[in-house]
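As the structure is a prediction and not an experimental result, all values here were calculated from the model. FYI, side chains are in, hydrogens and waters are out, and symmetry mates aren't considered; it's all heavy atoms of this structure. In each ligand, atom 1 is the first atom listed, and ligand 1 is the first ligand listed.
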Amino acid sequence: MPRRVVLVPCPFQGHINPMLQLGAILHSRGFSITVAHTQYNSPDPSNHPDFSFLPIPDGLSDGQNFASLLNLVLAANVNCESPLRECLAEKQEQHGDIACIIHDITMYFAEAVANHLKVPSINLVTSNVSTTIAHNAFPSLLEKGHIPLQGSTLHDPVPELHPLRFKDLPISRLGDLEAFFQILVNMYKKKFSSPIIWNTMDCLEQSSLTQRQQQLQVPFFPIGPLHKLAPPSSSSLLEEDSSCITWLDKHSPKSVIYVSWGSLACMDAKDLAEVAWGLANSNQPFLWVVRPGSVRGSQWIEQLPETFMDTVGERCHIVKWAPQKEVLGHRAVGGFWSHCGWNSTLESISEGVPMICRPYSGDQRVNTRYISHVWKVGLELESDELERVEIERAVRRLMVDGEGEEMRQRAMELKEKVDICTSEGGSSNRALKELVEYISSF
Ligand code: UDP
């Protein structure tokens, strides 16, 4: 009988995708997969016919009652523990086939459930390693008064966190500092005893992995990018609009800039107008994802300037949600203006697409710093306010100028390194084999 792995994802798109990709990888290696998920932002079981799904009564309803998304995460950790414990205890009694529980590191309640059931647990970290090294430094940064951030020092380097500046520290803006630190404390308070699966790889973060391994004496499995090792699938919470692929088909190679800021970032109507005119004035074709509700005070794009659509015509295509991996792999896409979520970053790097970086929150700032200053496959929009002139210039730098061509070249070289990591004998491939052996040993 195949051994069962129970997955507990954090209920946001950027966390669900890598967890379900990991599930698909483990399923292809012979494990049965159960996804124990909150009812809030429930994944669609019909996209994953090979998995079984276990909705956990979460008391979160539609998530509207929470002061912030971070408060929602705190509540999920409190509300879900006993329902999951009871449900898995019953299953374990009936079938006794649970090999281990793999949980998102932010869903730390699942570790308590695993301890209760006496089954091993494994953490999945969906950000990069450098972000967790910065988290590790937060207590001393707080003690020294560097957090909350001081305007005057934002551009100064953070001692011992090279290449980060204070403005690059991964502080979340999805809630207040108190809720953010509460989650970090809960995540890291246990002296790490369970192994960690990282959605990263040697060719991007070798020195950070070595440094973090010195801090945490537990097995590490850096098996990223998960979406490259997993069979193709989608775990989108919103419907993907594939009209953009037909639109891309009409464009010449590397001519289109893809613009998308992930599943959580928001902007106001003034920003929307600056972005719209910046893109329009760049004279480059662009595919733009505007998520419903992402412009404050609007359902969708009602607040776009009136003359905008007539001005850009066929040069622009706007969708509510795109099949992003397919878009980034399309020959017509030559650049990606991204908020630099870790999934988007990995998806772009894996296709050799250079980026314009405009981080919104948390680890996106760290990713931006690495993209622009370490891997040198993107440029950062630095100014506090979004301004059409700066946007137009950035798009032209990336899509037209020699500077962009050099970044594209480096992005292609990095893509080749990623391909080596995931192919037979590569570091991610080897780490995956070790992970499979590790889980099989339970
Ligand atoms: N995504 C998508 N279609 C879109 C925008 C995003 O499929 O139109 C996916 C994207 O491929 C990525 C995830 O949503 O896998 C977003 O995760 P990321 O870590 O980049 O950012 P977050 O949404 O967590 O801020």
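At the top of the distance list for atom 13 (C) of ligand 1, counting protein heavy atoms only, stands N17 ND2, 3.6 Å. The protein atom (non-hydrogen) at minimum distance from atom 23 (O) of ligand 1 is S263 OG, 2.5 Å. Considering only non-hydrogen protein atoms, atom 3 (N) of ligand 1 sits nearest to A322 O, 2.6 Å. Distance from atom 25 (O) of ligand 1 to its nearest protein heavy atom, with residue and atom name: H339 NE2, 2.8 Å. Shortest contact from atom 24 (O) of ligand 1 to any protein heavy atom: G14 CA, 3.4 Å.
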In sequence, state the C-alpha distance, the side-chain angles, and the governing distance for Q324 and Y258, and then conclude on side-chain hydrogen bond (donor to acceptor under 3.5 Å, both in side chains).
-> CA-CA 9 Å; Q324 180 164 302; Y258 170 57; 2.9 Å; yes

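Residue-level proximity to ligand 1 for Q324 is carried by backbone and side chain together, each with a heavy atom below 4.0 angstrom. With a 4.0 Å cut-off on non-hydrogen atoms, E347 touches ligand 1 through its side chain and not its backbone. The backbone and the side chain of N343 each have at least one atom closer than 4.0 Å to an atom of ligand 1 (non-hydrogen atoms only). Contacts with ligand 1 closer than 4.0 Å are made by side-chain heavy atoms of S260 only, the backbone lying farther away. Here W321 has heavy atoms under 4.0 Å from ligand 1 in both its backbone and its side chain. Residue contacts with ligand 1, taken as heavy atom pairs separated by less than 4.0 Å, do not involve H227 at all.
Taking the six-membered ring for Trp and thresholds of 30 and 60 degrees, H37 and F53 have ring planes more than 60 degrees apart, a perpendicular arrangement.
Not a single donor-acceptor pair under 3.5 Å links the side chain of R165 to the backbone N or O of L154. In terms of modelled atom types and a separation under 3.5 Å, the side chain of Q303 and the main chain of A269 share no donor-acceptor contact. Judged purely by atom type and a 3.5 angstrom limit, W375 uses its side chain to pair as donor or acceptor with the backbone of L204. In this structure a side-chain-to-backbone donor-acceptor pair under 3.5 Å is present from S428 to G224. In this structure a side-chain-to-backbone donor-acceptor pair under 3.5 Å is present from T368 to Q364. Put simply, the side chain of S194 never gets that close to the backbone of N123: no donor and acceptor are under 3.5 Å apart.
Looking at E405 and R408, a side-chain N of the basic residue comes within less than 4.0 Å of a carboxylate O on the acidic one, giving a salt bridge. Between E406 and K376 no salt bridge is recorded (no basic side-chain N to carboxylate O distance below 4.0 Å). Ion pair E424/K433 flagged as a salt bridge, since at least one NZ, NE, NH1 or NH2 atom sits closer than 4.0 Å to an Asp/Glu carboxylate oxygen. Under a 4.0 Å N-O distance rule, the pair E380/K167 qualifies as a salt bridge.
Within the 4.0 Å heavy-atom shell around ligand 1 one does not find K325. Not a single heavy atom of R291 lies less than 4.0 angstrom from ligand 1.
Near Q13, meaning under 4.0 Å from one of its heavy atoms, ligand 1 places the atoms 14 (O). Interface of G262 with ligand 1, defined as ligand atoms under 4.0 Å from a residue heavy atom, comprises 23 (O). Atoms of ligand 1 found under 4.0 Å from any heavy atom of Q364 (numbered from 1 in listed order, with element): 25 (O). Those atoms of ligand 1 that come under 4.0 Å of a heavy atom in V289, given as number and element, are 8 (O). Within ligand 1, the atoms closer than 4.0 Å to a non-hydrogen atom of W342 are 19 (O), numbered from 1 in the order shown. The atoms of ligand 1 that sit less than 4.0 Å from any heavy atom of G341 are 18 (P), 19 (O), 20 (O), 21 (O).
For ligand 1, the polar-atom distance check against S344 finds a nitrogen or oxygen pair separated by under 3.5 Å.
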